[in-house]
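Some notes on the structure that comes next.
So you know, we letter chains A, B, ... as the sequences are listed, proteins then strands, and number each from 1.
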2 protein chains.
Amino acid sequence: MATMHDVARLARVSVSTVSYVLTGARPISQATRDKVLAAMEELHYQPNAMARGLASRRSRILGLLMPMDERGLGATETAFVTGAAAAASAAGYHLVLSPVGGGDLDDLRRLATQRMLDGVVLMEVQLADERVTVLQEADVPLVLIGRTGDTSGLSYVDIDFEQTVREAVGHLVGLGHRRIVYVNHSAATLATGYGPALRTRDAFVSAMTDHGLEPVMIAAEDSAAGGRAALAAAFAQAPELTAVLAMNETAIFGILGELTGRGLSVPDDVSVVSMVTSPQVAELATPALTAMTSPGSALGRIAIEALLRHLDGPGGARHQQLLPCALEIRGSTAAPRSRQLMGADK
Amino acid sequence: MATMHDVARLARVSVSTVSYVLTGARPISQATRDKVLAAMEELHYQPNAMARGLASRRSRILGLLMPMDERGLGATETAFVTGAAAAASAAGYHLVLSPVGGGDLDDLRRLATQRMLDGVVLMEVQLADERVTVLQEADVPLVLIGRTGDTSGLSYVDIDFEQTVREAVGHLVGLGHRRIVYVNHSAATLATGYGPALRTRDAFVSAMTDHGLEPVMIAAEDSAAGGRAALAAAFAQAPELTAVLAMNETAIFGILGELTGRGLSVPDDVSVVSMVTSPQVAELATPALTAMTSPGSALGRIAIEALLRHLDGPGGARHQQLLPCALEIRGSTAAPRSRQLMGADK
DNA sequence: CCGCTTCGTCGAAACGCTTCGACGCCGATT
DNA sequence: AATCGGCGTCGAAGCGTTTCGACGAAGCGG
């Protein structure tokens, strides 16, 4: 492997000159530059990332820390990653994903403190998240996806759940629905302080109240069976329901299955809206689901851009931004039929 | 940030002694070791990864290169990643995922040649894959998931598709099915040299032939609509079919939907087996799918272990290994009813 | 035509660690 | 008693860059 020395020797210049050609930190004449570039070409020279990082105290590597549970990454998370990777790459940075689970806080600390990462984007932030504390103590530039309860002094990008729920409810109410059930994540998930679940819950209550409607909410396990059970519970609690708004992407297939099982048709008997769902998943269902599509790739891009800004101007202001999901109307919503317009026929 | 120098000074030993305590490269007396460890503790010392890497010419970082398309990572890939991460972590290595798309070959070369990665695991390998060539030229220790057409001189771990298909077909034939249709990925995907699709296709032909049955195969786009269309085509080609074996995890929901749409019940009228499918996805369907479950986490672990072996003994033999998927019987398969036992009633 | 920038280049000193050769010490071997 | 080999430790030489101060050569206004 050729080093800078070899290049310098071949081009008959000093090592520092080669470095300046590479980094542009000082002006170099065209003639010299050409000589150096030719030498690099000839030797297939590639700078050694470690040496560079050591000397400049910048690795040009950004970390994207994502807990990897067995669920896998949906299209939403993937869009997020690709958006972030593209933005990093455009700025000349590498983006590496590190699958840090919740348990290995020490691992996290080590990773952050070894000065291998110039900055870090943390995904799936909980309302009370120790990882944030660890990262702040390690003094590494940090941007969150999602937010903790107390966001003072933190930079984050997150989905505007308030707005998203309002829009979803608005869509259903606009179609004529009055009895709308909200299917959230499980009670256990809520208890862990999972922000999206809690925020959408509050947003749902307030949106429904604003329309003068009563909010009905059900918790569902993250599984098809959980969705089934939730729908049963929903009918027990509100027999005349005509629409379901579901936060739980995993449970939604169970909900649809159970609806079919009860001889109810979507969207004629019951309308279904899926929250924070990718088009890919929405199209899997029959009929395709009307859904609130998350701005995945934009979130990723914005997070990285904010992070890069922190690297340049360390004293800069925090970046705090919310993006709503977009309503995409597909086949699972329609005006309510039976119970509303024709009486309780079914 | 404290350096080794600071630790050495505080512990009143030389820098090299501190280093030996850390790496264990030479014996150090218990007394000295304790002094050093105490000093480290007091200063919150953390070794600088760059400096370490530069001096030792080992980064202790392994790369997992995965193309990220918009589809997202299924539970299968996720299991793979977590298996790999666990194995790497156990050996004191970091595992970073790098989302390298197909297009950025130069990006790949740069990544591999900058000596930041001690070794690399490459996922989603095609039969003819330029990335493999690039990585080989960069002279970086390499293990593939999947295989190229010519595997000489390469290490890989892959699914034993031959065996997996044989088992799936065996299951269906054992239940009494004779007319079995195989739904593969799209013709376009086949044309790109996507190994799993090609290998399962061949395996299906040979397995069916061994049973004295005629292999019927349909290509399906990777979407629910594709699955629908494929099922229609299947019925056109083999009206008396009683079982579907599907390689296309995305299309399977379309297949199920179309089956229901035609008034056919699963598994009573038609049995369905899904290939290389995670339990999570299998449970999404109603009824839950009988599936061939991929050995995701084991694949990841084995790949990393093989890679680590390469790092230690560079001259060592190649590691080439195939693992079959496990048959998990759920609700989507049963003995054929109507057409076989009761004549063509439906 | 003289001093003064500005430009382009060089040499050397970091950056924080690993690793090699050397050395003193001590107990064991002849 | 002289010799030997381990053990534990030290000092110094890298690893391949970046970056800083210095310096000669032009280019400029006066």
Side-chain angles (χ1 to χ4, degrees), chain A residues 1-40 43-61 92-94 110 113-118 311, chain B residues 1-40 43-61 92 94 110 112-118 311:
Chain A
M1 199 99 302
T3 76
M4 223 170 203
H5 251 95
D6 303 329
V7 175
R9 183 146 19 91
L10 183 58
R12 308 194 157 285
V13 297
S14 74
V15 195
S16 45
T17 301
V18 177
S19 174
Y20 291 131
V21 168
L22 225 47
T23 62
R26 283 194 190 179
I28 294 289
S29 73
Q30 193 59 49
T32 310
R33 181 193 311 281
D34 289 345
K35 272 195 306 185
V36 171
L37 290 176
M40 286 182 178
L43 296 173
H44 298 300
Y45 170 75
Q46 277 294 128
N48 178 308
M50 298 274 168
R52 200 189 254 251
L54 178 58
S56 66
R57 278 168 290 298
R58 290 188 148 227
S59 64
R60 308 223 120 219
I61 299 181
Y93 279 75
H94 279 297
R110 215 167 303 133
T113 208
Q114 279 182 153
R115 307 274 121 195
M116 168 134 289
L117 265 24
D118 283 351
L311 298 190
Chain B
M1 199 100 301
T3 76
M4 219 169 208
H5 251 93
D6 303 328
V7 175
R9 183 145 23 91
L10 183 58
R12 311 192 158 285
V13 297
S14 75
V15 195
S16 44
T17 300
V18 177
S19 174
Y20 291 131
V21 168
L22 225 46
T23 64
R26 284 195 189 179
I28 294 288
S29 71
Q30 192 57 48
T32 311
R33 180 192 313 281
D34 289 345
K35 272 195 306 184
V36 171
L37 290 176
M40 287 182 176
L43 296 173
H44 298 301
Y45 170 74
Q46 276 295 126
N48 178 309
M50 298 272 167
R52 201 191 257 254
L54 178 58
S56 66
R57 278 168 291 298
R58 289 191 149 221
S59 65
R60 309 222 119 221
I61 300 182
H94 279 297
R110 215 165 305 130
T113 207
Q114 279 183 154
R115 308 273 121 196
M116 166 133 291
L117 264 24
D118 284 351
L311 297 189

*Among D:dC7, D:dC10, C:dG16, which is the nearest nucleotide to the side chain of B:Ser16?*
D:dC10

*Specify the separation, in whole Å, of atom CE of B:Met40 and atom P of C:dG16.*
16 Å

*Looking across every strand, which nucleic acid part, if any, lies under 4.0 Å from A:Val13 by heavy atom: base, sugar-phosphate, or nothing?*
sugar-phosphate

*Donor-acceptor pair, B:Arg115 side chain versus A:Asn48 backbone, under 3.5 Å?*
no

Heteroatom pairs (N/O) under 3.5 angstrom, protein to nucleotides 21-23 of chain C:
residue: C:dG21; atom: N7; partner: B:Arg26; partner atom: NH2; Å: 3.3
residue: C:dG21; atom: O6; partner: B:Arg26; partner atom: NH1; Å: 2.3
residue: C:dG21; atom: O6; partner: B:Arg26; partner atom: NH2; Å: 3.3
residue: C:dA22; atom: N6; partner: B:Arg26; partner atom: NH1; Å: 3.3

*What residues, two or more places apart in sequence or in another chain, satisfy salt bridge (charged side-chain N to carboxylate O under 4.0 Å, His left out) together with A:Arg110?*
A:Asp107

*Proximal nucleotide (of D:dC10, C:dT19, D:dT19) relative to the B:Ser19 side chain*: C:dT19

*Grab the CG-P distance between B:Leu43 and C:dG16 for me, whole Å please.*
14 Å

*Taking only heavy atoms on the protein side, list every residue of residues 1-11 of chain B lying under 4.0 Å from any atom of DNA chain D, sorted numerically.*
none

*Nearest of C:dC10, C:dT19, C:dC17 to any side-chain atom of B:Tyr45?*
C:dC17

*Could you please name the option among D:dC10, C:dA12, D:dT18 that lies closest to any side-chain atom of A:Arg52?*
D:dT18

_Value in whole Å for how far the C1' atom of D:dT17 lies from CZ of A:Arg60_ = 14 Å

*Nearest to the side chain of A:Ala55 - D:dG8, C:dT19, D:dT18?*
D:dT18

*Considering only D:dT19, C:dG8, D:dG16, which nucleotide approaches the side chain of B:Leu54 most closely?*
D:dG16

*asked:* Rounded to whole Å, please give me the gap between CD1 in A:Ile28 and C1' in D:dT19.
replied: 13 Å

*Does any N or O in the side chain of A:Arg57 come within less than 3.5 Å of the main-chain N or O of A:Ala55, such that one atom is a donor and the other an acceptor?*
yes

